[in-house]
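Here's the structure we're looking at; comments come further down.
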2 protein chains.
Amino acid sequence: MRRLNDGPLAVLVGERVFSSEFKYRKGTEVFGEGDAAEYVYQIITGAVRTYKLLADGRRQINSFHLPGDMFGFENGASHRFSAEALVETKVRLMRQRSLLHTVASREGSTTNLLRLVTQSLQHAENHMLLLGRKTALERVAAFLLEMDDRQSHPDVMILPMSRRDIADYLGLTLETVSRALSVLRDDGLLRFIGTTQRQVALLNRCGLAQYDA
Amino acid sequence: MRRLNDGPLAVLVGERVFSSEFKYRKGTEVFGEGDAAEYVYQIITGAVRTYKLLADGRRQINSFHLPGDMFGFENGASHRFSAEALVETKVRLMRQRSLLHTVASREGSTTNLLRLVTQSLQHAENHMLLLGRKTALERVAAFLLEMDDRQSHPDVMILPMSRRDIADYLGLTLETVSRALSVLRDDGLLRFIGTTQRQVALLNRCGLAQYDA
DNA sequence: CGTCGCGTTGACAAGGTTCAAATTTGGTGG
DNA sequence: CCACCAAATTTGAACCTTGTCAACGCGACG
């Protein structure tokens, strides 16, 4: 049986994963928009944000990547967005060339690689609906439910990202995110744990789902 | 030399395209969200919108598909969004199974198929930036430039979609789209041709690009 | 000729942003 | 361990962009 964190990379190339590991400190860049797309990454521990910037500094975070997630896969020669570690993060990395080569030589792995890209696309489609058509409360509720899902519904969810990160993910300002969280707290849907505001207990997931459109 | 409209499908499977054609009347559904994903489509003539709906009717259009474009490719068994013809539309269609089968048996076509999906992903990433972080004017300017690009910079661009469609694509209301177009017209950046408001001449593409962030 | 779909425009409302300030938290050095 | 400072978060109030509601114009079509 595979270990949890083997994830897609291991599935793709079978158990013979040819890869190395690397560690990034909190806040450091994994790659920048326009950089040569040499590697594909899979998170072992930690978390990463991938985002695009406008000239005046406005930022849109495409997605947060948690342990097991892959990112950085590109078809062209360069990355179309930037990636930064949210916290101390350990990644497995592999050359895209080797990956494609390995995939090409293995029966059935085409479909798996395709599935991986398609999953990103699916996430993007859902996120466009959120960004284009949902209210602030709906966005924040959807965000909490997404993180909850991806952390397998823990009793206490740990958010590795700041309010600004959440805001740039949801197309809001950090103030609006903070206010929405306060509303949900006051409505008894969640509770902050401990002194930090980054540990959250969801008290009523169904109620939260009601807020999400 | 390939005909212009052979497009990606033909590239993928070589010249031996095994496919049939079908015609959709204006406003008719090609497939709905949740339908079995049996076919992949390529537009021969006309235009198609692909979109998602929320329960209360809010709609987010993911993309407009013009001649040569492919859509409907799914990894799972069912479509994740709906597709409707904007105008009378002729499509080429092919079973996904046959496509995957054909691709699997041909050297190098994996990369092409992957490139196709990656292109959709790239479009989605750009659109998330637009939806999350751009103003109404920036969105409309970006939309006009996108359509202009995809129609190869004609003197007079024909928009096959309504103001509501544009609005649902850009995450705005149709009134805001209309107002933004009026502003751009009054600023001398574009002109409406003829009596209909769906033929547009871009008078100053650089100026328009300034409006886009 | 009336109606219907589409688009434009205006007035007003509202959700979200901006600006500001208070409060809390986390990190660092003594 | 505590003091202190920087960063993060919350909260408040004013403002603004965009949405909502409504009226109107125009062309297509029966």
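Below, read A as the first sequence line, B as the second, and so on, with proteins coming before strands; counting in each chain starts at 1.
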Between A:Arg133 and A:Ser178, just flag the one whose closest nucleotide in DNA chain D comes earlier from the 5' side.
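Taking each residue's closest nucleotide, the earlier one in sequence belongs to A:Ser178.
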
For B:Gly171 and for A:Phe192, locate the closest nucleotide of DNA chain D by heavy-atom distance; then report the residue assigned to the nucleotide nearer the 5' terminus.
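Result of the comparison: A:Phe192.
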
Once you apply a heavy-atom cut-off of 4.0 Å, does [X] come out as touching a base, just sugar-phosphate, or nothing?
| X | answer |
| --- | --- |
| B:Ser182 | sugar-phosphate |
| B:Leu181 | nothing |
| B:Arg198 | sugar-phosphate |

Between A:Phe22 and A:Tyr41, ring centroids under 6.0 Å
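Not under 6.0 Å, so no.
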
Give every pair of a protein N or O atom and an N or O atom of nucleotides 20-24 of chain D that lie under 3.5 Å apart, one pair per line with the distance.
{"unit_1": "D:dT20", "atom_1": "O4", "unit_2": "B:Arg179", "atom_2": "NH2", "d": "2.8"}
{"unit_1": "D:dC21", "atom_1": "N4", "unit_2": "B:Glu175", "atom_2": "OE2", "d": "3.1"}

With no hydrogens and no angle check, do the side chains of A:His153 and A:Asp148 hold a donor and an acceptor under 3.5 Å apart?
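Yes, A:Asp148 and A:His153 have a side-chain donor paired with an acceptor closer than 3.5 Å.
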
Between B:Glu125 and A:His127, is there a side-chain donor-acceptor contact under 3.5 Å, judged purely by atom types and distance?
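There is no such pair (donor and acceptor under 3.5 Å, judged by atom type) between the side chains of A:His127 and B:Glu125.
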
Please state how far atom [atom1] in [X] lies from atom [atom2] in [N], giving the value in whole angstrom units.
| X | N | atom1 | atom2 | result |
| --- | --- | --- | --- | --- |
| B:Arg164 | D:dG19 | CZ | P | 12 Å |
| A:Leu137 | C:dT17 | CG | P | 12 Å |
| A:Leu190 | D:dT9 | CG | P | 15 Å |
| B:Leu184 | C:dT9 | CG | P | 12 Å |
| B:Glu138 | D:dT18 | CD | C1' | 14 Å |
| A:Arg139 | C:dG16 | CZ | C1' | 10 Å |
| B:Leu130 | D:dT18 | CG | P | 12 Å |
| A:Gln199 | D:dA8 | CD | P | 17 Å |

Is [Y] paired with [X] through a side-chain N to carboxylate O contact shorter than 4.0 Å?
| X | Y | result |
| --- | --- | --- |
| B:Arg179 | B:Glu175 | no |
| B:Lys26 | B:Glu88 | no |
| A:Asp212 | A:Arg139 | no |

Under 3.5 Å, side chain of A:Asp35 to main-chain N/O of A:Gly32, donor-acceptor pair present?
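Confirmed, A:Asp35 side chain pairs with A:Gly32 backbone.
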
Using the side chain to side chain contact (heavy atoms under 4.5 Å, CB included) rule, pick out the option among B:Leu203, B:Asp187, B:Leu184 that qualifies with B:Leu208.
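Exactly one option meets the side chain to side chain contact (heavy atoms under 4.5 Å, CB included) with B:Leu208, and it is B:Leu184.
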
Taking only the side-chain nitrogens and oxygens of [X], find out if one of them lies under 4.0 Å from OP1 or OP2 of [N].
| X | N | result |
| --- | --- | --- |
| A:Arg163 | D:dT10 | yes |
| A:Gln197 | D:dT10 | yes |
| A:Thr135 | C:dG15 | no |

State whether A:Tyr51 and A:Arg59 meet the cation-pi test: NZ (Lys) or CZ (Arg) under 6.0 Å from the six-membered ring centroid, and within 45° of the perpendicular axis.
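Checked: cation-pi criterion met.
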
Pairwise 5' ranking along DNA chain C for B:Arg185 and B:Lys26, keeping only the more 5' one:
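Closest to the 5' end, via its nearest nucleotide, is B:Lys26.
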
Answer yes or no: are there more than 12 heavy-atom neighbours, outside B:Asp155 itself, under 6.0 Å from its atom CG?
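No, because the 6.0 Å sphere around CG of B:Asp155 holds 12 heavy atoms or fewer from other groups.
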
End-to-end axis angle, where each axis spans five pairs of the helix from C:dC1-D:dG30 to C:dG30-D:dC1, to 10°
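Angle reported: 40°, given to the nearest ten degrees.
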
